[in-house]
Structure formats: structure tokens, C-alpha cells
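Letters A, B, ... mirror the listed sequences (proteins, then strands); counts begin at 1. All values reported here derive from a predicted model rather than from experimental measurement.
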Amino acid sequence: MSLLSDTLALYKREMLIFRANIRVNLIRTAIFPLFILLIFGATGQGINNVPVVVVNYANNMQSQQFINSLGSQGIMSVESVTNQNDALALLDAGKVSFVIVILPNFPTYNGQSAVRIYYSNTQYSVTSEILPMIEQRAALFAGPGNYQVKQYLPSSTFGAALSTPVNGANGSETDFIFSGVIGMIVVFSALFAGGMGLITDRNAGFIKAYLVAPINKAAILFGRVLAGSVQSILYITVVLLIGLIFGSQIAMGWTGLFWIFLLGMILMVCFTSVSAILASRLKNVTSFAIFAQAVGLPLWFLAGGIVPVSSLPSTLQTLSIIDPMTYAVDGFRWVILVGTYPLANMITDISVLLGFAIVSTLLSVILFKSTID
Amino acid sequence: MADIIRIENLTKRFGDLVAVNNVSLSIREGEIFGLLGPNGAGKTTTINMLLTLLLPTSGKITIDGLDLARNHEKVKQLMGLMTQETVVEAELTARQNLELFSSLYHVPANQVQKRIGEALEEADLVQFADKKAGTFSGGMQRRLGLVKAMIQEPKILVLDEPTTGLDVQNRTTMWARIKGLNKKGNTVLLTTQYLEEADQLCDRIGVIDHGKLIALGTPSEVKRIAGSGKILEIVVKNNDVARTASMLKSKFGIAAVVNGDKLTAVMTKNSESEFTKISGALDKEKIEVVSIGMHLPTLDDVFIKLTGTGMRDETGEMKGGRMNIRGWR
Ligand SMILES: Nc1ncnc2c1ncn2[C@@H]1O[C@H](COP(=O)(O)OP(=O)(O)OP(=O)(O)O)[C@@H](O)[C@H]1O
Ligand SMILES: [Mg+2]
């Protein structure tokens, strides 16, 4: 009945307040990415210690020389594994960037190539730098054309989200951090815009004034969630512009923007509702702020905002699976670092985020209604 | 006049605390009814139950013939509220405040602008229509809050402490506005901590303390509770208080209520001659009198009579005489 019109009326109110504080909101949004990119964006400029595993089925002198030459410059950190399946499992989990399989016939060609080089498409930035180097060595030791390059596709979709593209090469550290920062800004904005506003409005008596009106109570939350997702467009734009200044690019181009905004807006809905849930349990702004900080930052780390999820301890990776931010950051990484968005990832990311958004919104409505008698 | 609000045996508990304790009262259509009580008396809790914000622990509320428990939506349209806390949205302009509440009360679209125009005029805020309400003075904010509460043209106007925190001048004009709205046919239910306000503004008052209704009637009826005799007030140097009290008791048979360094008593016999005798006796006993006086009963005297103390502030401490009762929030 009046749910839509009530929601729009309260949405309008939120936006008026947002506009009244626009300068503070923009500055707050800009400070975090600026600092994070200044501090972390400059690290990892050189390439070194790219993790590579070798499966040596030939086990002869030539193959040993080939392996030694790979590790000689310190660019790659080469480890040996005895069978191919174990090696590919490491690649699948995002633990290594390349798997090199040296077949028994090495270095001769007997109807099949002597070397297989597997790379994961999640290791985009490393691939472009390191793959030519490996190919050049293979050509040197096995002969030109006596090797195969294969792209390895991650097996499970959950695994796919977790083994989000990994950084490791020139300048792409900035891209990597920058794509994580988008998630952070959205989540922090949501936590503060949603719950903080709800608590201050309740303490000021505004919520009471709305509840006295013959409106649908859920509109008080929906108006806020709607306003939050619209505001997130502005927040994301600010981060994108800052990324641009730092020399980042969106590998996917303009279509990438569509995905970034879509994922960002759903993420905003998720966390606006989460913060409304927190707000219905916490009565004062200070404890809410402490709580929001305590929740927001760990979730960001778990989502692989600053260190790839695949580099986290495996117990924490389990937590990453239930952190909705993980799926948004996954999408950002594909779009910004890789330039493609594999269908499996796209479906996983969007459906997990949408599911979380729906559940958290419903829960916040239920809790909100129950806390006001 | 018909009863527009009927409250029967209303009780609200918060855990062990009984915030409203078995209150029964009726508010008549077209009157200004004042709920008078100190901080924490249960005024806001009572109002919140009338406005469907709180569910009563027990008791029944009937508004305009409708059982409140089963007619939330209908009843909400009938009532306009000005809250005790912030009454307007500081970040919104006066006009935006009114637009917001027009929407929330589903005022028909073709009437919104007309009503907002009238409301701004009514509140003397036409030239400030597009200024942020946060920049307004306290008086202007209350004026805006008042017309905001009226935007859906409710039958009943509920004002929770409409003048708390206002200076004397703004309070007087607020009273005039409330009386004006009442003349147009609105029933007004207001709460107040100010005895003077209840006395001047209200047709009838209910005195509430610790959740209990302790008096009900017109201001003069309620004042009569304090007795027909005049009220004697003596302020003495602190160490003479006990001596004064016992002297009044033994020589004049007057049981005075002690309130700090002030003694208050109801005069029963011929007050004028008794007053002279008491003055003389105080002089003879060499009691250092700061002030001594007599006045007709006021609502504060009703309080003293009914509760044994003056109006309390938040901490439950006593406030001084009736002249001091103003402006604490
Ligand atoms: N939600 C609540 N939970 C617990 N106790 C409450 C709640 N609301 C009110 N109280 C208590 O009930 C009592 C009555 O409070 P109420 O707000 O009705 O007083 P009041 O007469 O409006 O006072 P004031 O002049 O300060 O506004 C107080 O002791 C208050 O602490
Ligand atoms: Mg109150």
C-alpha cells in the first residue's frame, strides 16, 4: 500500500541530509583511499619471488639445468612437487602462480611437447611479466616450439572467489589495493550511513515522529537502504577517480564500470542492513562506532582487500567464504585487474551478494519492528 | 461535551518500574487538557501509549470511539504530535520539514502546497521558509514543530512539554498559539512541568507523580485540594528551621511542611490576625526570618499537600518555591 510512497518520502529526507553534508562525506570518502594507496600502492614495485612449482618427470641433467636457470635471478621462487595433480591443486588454490611440468622425453620432442606451462587466469598481472620469461627459458633448453602453454581454470566457484586475482608485478599493486579499497569505502559508508543515522535519529526523537505517522514501519529502513545504495554511486566514483590519479586502470574498460557499480550498490544494501541490525541492538552512537570499526576492518581483510584471500591462513579462508565483501572484491579484481569477468565468478558473486542483501534486509526489518514494541 | 479520549486503568511497567500506575481519566472534545508532573512522572510514557508507540501492560484506551488496540492506523490520522525532544529536522528547511510530514501523513497531493503555505503563515515563518530549521531560534523551531504537527489537520493535538526550554516571551506566545488552535476546534493534550502553564492554559488538568494520577479537575478545583485557607510561607536561617516548626506546632497547632529552609503551612483560622500573631512570635523567639508571606493556594501547594514535597527535578531532589519552577530540562 503506502510502503513505496513512504519509502520515497523518507528516501528524499535521507538524500536532503546527505546533500547538506556533502562536503564532509566527500572528504571522508577520499581520505581513506588516498592514504591506503600512498602507503601500500608504492610497495612491491619490483618482481621477485613469484611462486612457481615444477614437476620434474624427466629427472635428467638437462631438466635440472632448466630448473636452475628459472630460479637463477631471484624473480621466481621455484619449488618441486612430485606429481602434477598436487601441483595443479596449488595453482587452483592460488598458492602459486605457475606450474611447469617437465615430461619424461625432455628435452626431445616425441610427438608431444617436452614442457607444459600452466598458468591460472587469476594471476593476470604476473602472467604478463613472467610467462614470456618462462617461455624463453623453455625454448632455450627444450628447443623452440617444444613446449605448450595452458591456461588453467579454477575448479570450484567458491574457490574461484577466494583465489581472486593476485598481485605481484609492476604497478599492479596499486590496481590490486585500489580494487580492494572500493569495497572498504562502500562498507564503511554503509555501516555509518545506516546504523549511525538510525541511532542519532532515534535519540533525537525523529524515528518516534515517523512511527506516530500512519506509515509502513519498514519504510523507515527501506528509505535508508535506498538512499545508501544511491549514495554509494558517488562514493565509488570518488574512489575510482583517486585510483585514476594513482595510475590505475580498469582493464575491462567501460563495461567494467557497470559491474563495479552494480556490485558496489548491492554491497551497500548488504551492509546498510547489517548496520541497521547492529543499531537495533546498540543504544548509543559511541558503542555503535566502536562496533562498526571492529566489524568493518576485519571483514575487509578477510575479503582480501589488502592481502589476497589465498594468502590468508586456511582457517581464516573459511571465514572469507561467509564474508559478503569477498564476493564484491572478487568482482572488482576481475574487472579491474584481469579485464574479463568469468561467468562462474559473476554468477557466484552476484547471487551470494543478492542473497545476503535480501536476508539481511528482511532481518533488519524484523528486528527493527520488534525493538519498537 | 463528549469524551474524545478515554483512558481506563492504564498501567505500563518497565521491568520492576511502574512508569504509569492504574491511571483512569477522560479528555473531552474541544478542551485543553494538561498532564502535569515533575521529571520522570510518567507523562511521556502515557502519551506514547496514546500514540501507539508503546503497548500498555494493561488497561484500555478509547480514542474518538475507537478501541486503540485494534485501530492503530485510523487513530494515528486523528492525532498530531509535537515531541518533547527535537521537534524539527535541523538539516531540512522549514518547507522541507512540512513536505516530509505531508507525505508521511498522506496529505492529498493537490492540497500539499496550499497547506504548507498556510502553515508557514500560521507559524510566521514565510520569509524563513527555505532556511534550514537548524538555524532557527528555539521559539521558531517550536512554532514550526507546532504547525508540522497540524499538517494532516488532526482532531487531537498532542504536545509533549511544548514550552520547556523557552524564554518567558516565547512561552507566552506559544500559549496564545495553542489557545488559537484550540479555538478552531482542536482538542489539545499537553504535558508540562510548569504549574503556571497548567493553571493559565488548561481547561482541566491531571496531576501525575510516580506514575499515579493524584488529582484531576479544573485548575481551581485542583487548587482547592490545598484547602480553602491561605498558604503561609516562612523562610528562616537554616539552623532555625526545626525550632520554627516546633514553635508553630506548639503555639498555633500548625503542622508545617519543611522544604529546605522553607516552611509551608495551610492557615485554617482567620488568616490575617493569625499571620500577625505568628510574626510576633517569631520575633519574640529571636528566629532569624529571611522572608515571610501569605498567598492564595497554587498548584505547587497542591503538590506539597499531595506529595509532601515540592516539584522534584530529575535526581528526585526538591526544587525551591514556586517562583523557581521554570526552565530546568
Ligand atoms: N523505555 C523505557 N524503559 C525503561 N524505563 C523507562 C522507559 N521509558 C521511561 N522509563 C521510565 O519511566 C518513568 C517515567 O518516564 P517518562 O518519560 O514517562 O516521564 P516524564 O513524565 O515524561 O518525564 P520528563 O518530564 O522527564 O519528560 C521514568 O522513571 C523513566 O526512567
Ligand atoms: Mg517526558
Side-chain angles (χ1 to χ4, degrees), chain A residues 1-26 192-193 196-224 226-227 231 280 283-285 368-373, chain B residues 12 14 44-45 47-57 71-93 95-109 112 130 132-135 145 148-149 151-152 154 156-158 160-161:
Chain A
M1 31 152 228
S2 60
L3 180 59
L4 184 68
S5 64
D6 297 341
T7 300
L8 288 177
L10 289 164
Y11 158 78
K12 201 173 153 204
R13 180 243 181 205
E14 291 299 314
M15 293 307 282
L16 285 171
I17 292 174
F18 174 71
R19 229 177 292 162
N21 298 312
I22 190 101
R23 219 174 311 161
V24 179
N25 281 320
L26 286 181
F192 285 99
M196 199 88 132
L198 216 49
I199 293 179
T200 48
D201 285 353
R202 183 171 57 208
N203 293 348
F206 294 148
I207 302 286
K208 180 168 156 180
Y210 305 150
L211 289 172
V212 167
I215 60 165
N216 189 320
K217 286 172 190 167
I220 297 172
L221 283 176
F222 288 164
R224 222 164 269 270
L226 187 62
Q231 289 162 18
S280 67
K283 299 300 173 208
N284 74 68
V285 180
F368 181 68
K369 282 188 169 170
S370 75
T371 48
I372 47 170
D373 257 350
Chain B
K12 178 71 193 179
F14 296 111
T44 302
T45 307
I47 281 186
N48 283 348
M49 287 190 279
L50 292 176
L51 290 162
T52 74
L53 289 171
L54 280 176
L55 289 178
T57 307
N71 292 285
H72 276 202
E73 297 303 307
K74 274 190 202 153
V75 168
K76 280 177 169 185
Q77 268 313 343
L78 295 175
M79 304 210 277
L81 166 73
M82 182 162 86
T83 49
Q84 176 177 355
E85 301 97 346
T86 329
V87 291
V88 291
E89 307 238 8
E91 302 278 15
L92 271 52
T93 65
R95 190 187 303 282
Q96 287 164 349
N97 264 286
L98 295 169
E99 281 169 354
L100 173 62
F101 280 82
S102 304
S103 309
L104 296 181
Y105 278 94
H106 311 136
V107 173
V112 170
D130 298 308
K132 278 192 189 175
T135 64
K148 195 180 83 171
I151 202 79
Q152 82 276 24
I156 307 164
L157 190 55
V158 181
D160 198 359
E161 304 201 11

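- For B/Gln152, no part lies under 4.5 angstrom from a heavy atom of chain A.
- A donor-acceptor pair under 3.5 Å is absent between the side-chain atoms of B/Lys76 and the main chain of A/Ile215, judged by distance alone.
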Problem - Steps toward side chain to side chain contact (heavy atoms under 4.5 Å, CB included) verdict (B/Leu92, A/Ile17) - result: CA-CA 7 Å; B/Leu92 271 52; A/Ile17 292 174; 3.7 Å; yes
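- Of the atoms belonging to B/Lys148, not a single heavy atom falls under 4.5 Å from chain A.
- Taking OG1 from B/Thr83 and CD1 from A/Ile207, the interatomic distance works out to 12.0 Å, rounded to the nearest 0.5 Å.
- Of the two parts of A/Asp201, neither the backbone nor the side chain holds a non-hydrogen atom closer than 4.5 Å to a non-hydrogen atom of chain B.
- Here the closest heavy-atom approach between residue A/Ala9 and residue B/Leu104 is recorded as CB-CD2, 4.2 Å.
- Here B/Leu51 contributes atom CG and A/Lys208 contributes atom NZ; the two are 7.5 Å apart, rounded to the nearest 0.5 Å.
- Taking NZ of A/Lys12 as the start and OG of B/Ser103 as the end, the distance is 6.5 Å to the nearest 0.5 Å.
- Heavy-atom distances place the side chain of B/Asn48, and not its backbone, under 4.5 Å from chain A.
- Here the closest heavy-atom approach between residue A/Ser2 and residue B/His106 is recorded as CB-NE2, 3.6 Å.
- Proximity to chain A (any heavy atom under 4.5 Å) is restricted, for B/Gln96, to the side chain, taken from C-beta onward.
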